[in-house]
Amino acid sequence: MGVEISREIPFSQEELLMLEQRFRRLDIDGSGMLEPNEFFDIPELAQNPLVQRVISVFDKNGDGNISFYEFVTGLSKLSEAGSEDDKLHFLFAIYDMDKDGFISNGELFRVLKMMVGNNLTDVQLQQLVDRTLIRADEDFDGKISYPEFCKMVRDMDIGEKLTLHLK
């Protein structure tokens, strides 16, 4: 499948083989692609409100499925070999739903709504979004740029919290 991509990915040959085996186990229909429903069949992910956003970030070509290359490329950013900047770009992409390089009020609301569900009313959630934008939006353009995002989350130890340990 994808062992020849090892020069581009910071995984050892052994790790790539392990990831390929995991990928094949997840690929229930044997199509060579992971469809969203195959992610939802994983009990640990089925209840994760952001799994659809993670799939969208991994899905670089936008076809709705995850190829082995997209799978290992996405995981590499979150692995121990991935840089802090890789992890911050990944997290930013979770919120930047339209991929325009900014997090808008609406995007922040939608992603936070996925996370909090019905624990906050829409009014409470909008107030949280507005406060976050006021705090983060340094150039007052009504949206959060990547540098503004990085400044906002810099003390949250994102690198460690988003690091996957493959072994």
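These numbers come from the heavy atoms of this one structure, side chains and all, not from hydrogens, waters or symmetry mates.
- For N118, the CG atom sits in a loose shell: 12 or fewer heavy atoms of surrounding residues, nucleotides or ligands are nearer than 6.0 Å.
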Audit row: E20, V72, side-chain contact (heavy atoms from CB on, under 4.5 Å) steps and yes/no | CA-CA 9 Å; E20 185 175 11; V72 295; over 6 Å; no
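- Atom CG of L17 sits about 12.5 Å away from atom CZ of F11, to the nearest 0.5 Å.
- Rounded to the nearest 0.5 angstrom, S31 OG and N65 CG are separated by 6.5 Å.
- Under the side chain to side chain contact (heavy atoms under 4.5 Å, CB included) rule, M97 has a single partner from L108, V57, V111, I103, which is V111.
- Rounding to the nearest 0.5 Å gives a distance of 6.0 Å between OG of S104 and CG of D98.
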For side-chain contact (heavy atoms from CB on, under 4.5 Å), just list the numbers for R53 and M114, CA-CA rounded to whole Å, side-chain angles, deciding distance to a tenth of an Å, and then say yes or no.
-> CA-CA 10 Å; R53 290 298 310 134; M114 290 175 205; 3.7 Å; yes
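- The nearest pair of heavy atoms linking F71 to I66 is N-CG2, 3.6 Å.
- Using modelled atom types and a 3.5 Å distance limit, the side chains of Q126 and N105 yield a donor-acceptor pair.
- Under a 3.5 Å cut-off, the side chain of D130 and the backbone N or O of Q127 do not form any donor-acceptor pair.
- Listed for the E70 side chain is a donor-acceptor partner under 3.5 Å among the backbone atoms of K60.
- Closest approach of F68 to L16, counting heavy atoms only: CZ-O, 4.0 Å.
- Residues K143 and E107 are not paired through a salt bridge, judged by the lack of any N-O separation under 4.0 Å between the basic side chain and the carboxylate.
- One hydrophobic cluster, built from ILVMFWY side chains closer than 4.5 Å, holds both Y95 and L120.
- Not a single ring pair (Phe, Tyr, Trp, His ring centres under 6.0 Å) links F109 to another residue, sequence neighbours left out.
- A donor-acceptor pair is defined here as one N or O able to donate and one able to accept, closer than 3.5 Å; no such pair exists between the side chain of K87 and the backbone of T163.
- With hydrogens and angles disregarded, no donor-acceptor distance shorter than 3.5 Å links the side chain of D27 to the backbone of L34.
- The ring pair (Phe, Tyr, Trp, His ring centres under 6.0 Å) search around F102 returns none, not counting sequence neighbours.
- Side-chain N/O atoms of S145 and E148 include a donor and acceptor closer than 3.5 Å.
- In this structure, the separation between CD on Q124 and OG1 on T121 is 3.5 Å, given to the nearest 0.5 Å.
- Nearest heavy atom pair, residue P36 against residue G64, reads CD-O, 3.2 Å.
- F39 and I94 fall within the same hydrophobic cluster, defined by Ile, Leu, Val, Met, Phe, Trp and Tyr side-chain heavy atoms under 4.5 Å apart, directly or through other members.
- Residues G101 and F92 share a closest heavy-atom pair of O-CZ, 3.4 Å.
- Judged purely by atom type and a 3.5 angstrom limit, E160 has no side-chain atom pairing as donor or acceptor with the backbone of D157.
- Summarising the geometry of R154 relative to K151, their closest heavy-atom pair is NH1-CG, 3.2 Å, with the distance given to 0.1 Å.
- Tracing side-chain contacts under 4.5 Å through hydrophobic residues (I, L, V, M, F, W, Y), one reaches M152 starting from M156; they form part of the same cluster.
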Given side-chain contact (heavy atoms from CB on, under 4.5 Å), test E38 with L26 step by step and report yes or no.
-> CA-CA 6 Å; E38 290 171 321; L26 294 173; 5.5 Å; no
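- Side-chain polar atoms of Q52 and S56 form no donor-acceptor pair below 3.5 angstrom.
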Kindly determine whether T132 and R135 satisfy side chain to side chain donor-acceptor pair (under 3.5 Å), including the steps that lead there.
-> CA-CA 5 Å; T132 302; R135 191 174 121 229; 5.5 Å; no
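- Using modelled atom types, no side-chain atom of D137 and backbone atom of I144 make a donor-acceptor pair closer than 3.5 Å.
- A single hydrophobic cluster is not seen to contain both L133 and F140; linkage of ILVMFWY side chains at heavy-atom distances under 4.5 Å, directly or through other members, places them apart.
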Can you list the steps and then say if L112 with V129 is a side-chain contact (heavy atoms from CB on, under 4.5 Å)?
-> CA-CA 8 Å; L112 290 178; V129 166; 3.9 Å; yes
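- With sequence neighbours left out, the salt bridge (charged side-chain N to carboxylate O under 4.0 Å, His left out) criterion links D122 to K113.
- A donor and an acceptor atom, one from each side chain of D85 and Y146, are located under 3.5 Å apart.
- Linking Ile, Leu, Val, Met, Phe, Trp and Tyr residues whenever their side-chain heavy atoms come within less than 4.5 Å places L128 and F149 in a single cluster.
- Without hydrogens or angle criteria, K77 side chain to H89 main chain gives no donor-acceptor distance under 3.5 Å.
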